[in-house]
Amino acid sequence: MRYIKDMEVKKADVLIIGGGPSGLCAAIASARAGANTLLIEQNGYCGGMATAGLVAPFMTCYDSGGDIMLIRGIFEEIVNRLVKSGDAIHPSKVETATAFTSYITIGHKHVTPFKAEGLKLLADRMLKEAGVEVLYHTSFVDAVTDGGRVDKVIVNKKEGLLAIEAKYIVDCSGDGDCAASAGVPFTLGNGSGRIQPATMFFRIGNVDSKKIDEDIEANLDNFYRKDGVNYRSLHWWVSKARENGDWDLDRVSIGIFRGVDEDEWSINTSRIMGVDGTKSQSLTFGEMEGREQVKIIFDFLKKYVPGCENAKLLQSGSTLGIRETRHIHGIKTLTIDDILECRVPDDSVLLAANSVDVHGKFGPKSNEYIAIPEGKYYGVPYGCLVPENLSNLLVAGRCVSATSEAAGAIRVMPPCMGLGQAAGAAAALAVKDGADVRRLDTEKLRKLLCEQGVLLSV
């Protein structure tokens with residue numbers, strides 16, 4: 001489908017495609033830097049995986065030793081405002097190996113429990129305060145390119161199709177939809193057919209959390225890893241349920257994270273292999289299968305787990321939790337060596353220390369988990385946000401230019417929010433300078449990001 005001459009046209013300095021964690025921060029950063037900014041989002045609210053997907057908590061935003069809060073800027077502002085409204089617990093108050101981290105020790109110090117409903121409202125307010133024009137219930141359809149740039153973006157509103165002519169576009173769709181449509185080369189998953197599995201998150205309430213704590217604390221010495229599989233929270237009950245014929249999922253533990261309210265928990269356990277998040281039919285299968293798995297897991301919790309006897313299923317995600325789809329080919333590519341050797345390039349726009357976490361790498365029960373050396377961190381260069389073949393398109397979120405293994409570290413929400421802020425600020429700076437994004441002055445960008453509260457040196 002291509003541009004139709006009589007189609008309604010709307011203009012903007014910067015168009016942000018997608019209001020998930022990266023898109024929300026990109027839009028705010030762009031508008032605060034003075035650009036006329038338009039955000040489109042297919043849902044009726046922002047937050048993406050954090051709200052529609054019920055993915056919680058925010059993973060760590062600190063260095064690997066847990067001493068320095070690295071991911072700051074708009075992410076930190078969101079956290080502080082959620083804390084003030086009673087919708088989050090500040091990460092500095094959350095220690096490792098507790099109910100808030102599913103009792104995991106490595107790589108989980110200072111996570112941030114939060115309430116999705118609080119984030120929805122806060123996102124609306126921050127977008128309004130920044131002066132962002134928002135179009136909810138609006139989805140990306142097509143990109144029209146001309147002369148090495150994206151000339152128009154076609155979107156679908158309730159009223160019908162709309163053409164948006166923006167000077168610069170930031171693709172925060174999570175899947176690189178606009179980039180792919182515009183002809184940006186990409187790798188799907190690891191390029192050899194493996195894509196990280198999807199998860200249908202869900203929340204439960206009316207839980208006697210003290211009983212769960214006591215049961216798991218009594219079994220902490222029985223946590224172990226074997227053949228790439230983690231035997232963690234409640235694996236002793238999963239084994240019993242399997243013996244009794246009440247469990248046939250390819251999972252051996254329960255990812256169970258306590259929420260802001262004492263009786264509420266987020267469950268990150270279901271695993272749907274082979275889902276391609278760029279295809280509707282595959283997503284349909286994944287969401288149907290995900291809800292079936294939610295039923296099995298919830299029934300298991302009520303029957304076997306102390307404290308869950310009277311639990312209530314509050315909500316499953318209204319969208320499937322997707323960990324990986326496309327990785328665009330940018331002018332720079334983040335590699336696993338960059339992460340594990342803790343490289344910080346001169347043009348870094350984000351500092352992070354999130355661990356490499358590749359689910360399903362050795363089979364459906366497994367994951368690869370590699371923590372960053374104690375007290376260390378790495379940088380993500382600006383070039384990872386910049387497609388190699390277009391002058392006015394940036395990409396932020398989990399589909400930036402990175403190898404599949406490296407993306408396993410920066411795909412979680414705090415890094416995605418930091419990358420979104422960087423992309424939004426870069427787009428606004430490009431508007432002022434009339435710059436090709438591939439040749440943007442990264443020193444000016446880093447200065448602008450620091451003015452917006454981003455930490456780029458320690």
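- There is a side-chain donor-acceptor pair under 3.5 Å between Y369 and S355.
- The side-chain contact (heavy atoms from CB on, under 4.5 Å) check on C61 picks up M69, I71, F75, P91, P414, with sequence neighbours excluded.
- Within 6.0 Å of NZ in K302 there are more than 12 heavy atoms belonging to other residues, nucleotides or ligands.
- The side-chain tip of R343 does not point at the ring of Y378 from less than 6.0 angstrom away and within 45° of straight on.
- Judged by distance alone, with hydrogens and angles left aside, the side-chain atoms of D263 form a donor-acceptor pair with the main-chain N or O of N206 at under 3.5 Å.
- With a 6.0 Å radius and a threshold of 12 heavy atoms from other residues, nucleotides or ligands, E129 has its CD atom above the threshold.
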Practice task
Kindly determine whether F58 and F114 satisfy ring-ring contact (aromatic ring centres under 6.0 Å, His included), including the steps that lead there.
Solution key: CA-CA 8 Å; F58 291 130; F114 69 93; 4.1 Å; yes

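- For the salt bridge (Lys or Arg N to Asp or Glu O under 4.0 Å) with D175, the qualifying choice from R326, R398, R323 is R398, the only one to do so.
- In summary, the aromatic rings of Y45 and Y136 are positioned with their centroids too far apart to meet the 6.0 Å limit.
- I17 places a side-chain heavy atom less than 4.5 Å from the side chain of V153.
- One finds a salt bridge joining K120 and E117 here, because a Lys/Arg side-chain nitrogen approaches an Asp/Glu carboxylate oxygen to under 4.0 Å.
- Using a 4.0 Å cut-off between charged nitrogen and carboxylate oxygen, E388 and K332 do not count as a salt-bridge pair.
- Between K152 and D146, no side-chain nitrogen of the basic residue sits less than 4.0 Å from a carboxylate oxygen of the acidic one, so the salt-bridge criterion is not met.
- The two residues M413 and V55 come nearest to each other via the heavy atoms CE-O, 3.3 Å.
- Atom OG of S270 and atom CZ of F298 lie 14.5 Å apart (nearest 0.5 Å).
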Handout entry: Chi angles and distances behind the side chain to side chain donor-acceptor pair (under 3.5 Å) call for T187, H329
Key = CA-CA 7 Å; T187 300; H329 295 179; 2.9 Å; yes

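- Within 6.0 Å of CD in E451 there are more than 12 heavy atoms belonging to other residues, nucleotides or ligands.
- In this structure, D276 and S282 approach most closely via the heavy-atom pair N-OG, 2.8 Å.
- Side-chain atoms of D171 come within 3.5 Å of backbone atoms of A179 as a donor-acceptor pair (strictly under, hydrogens ignored).
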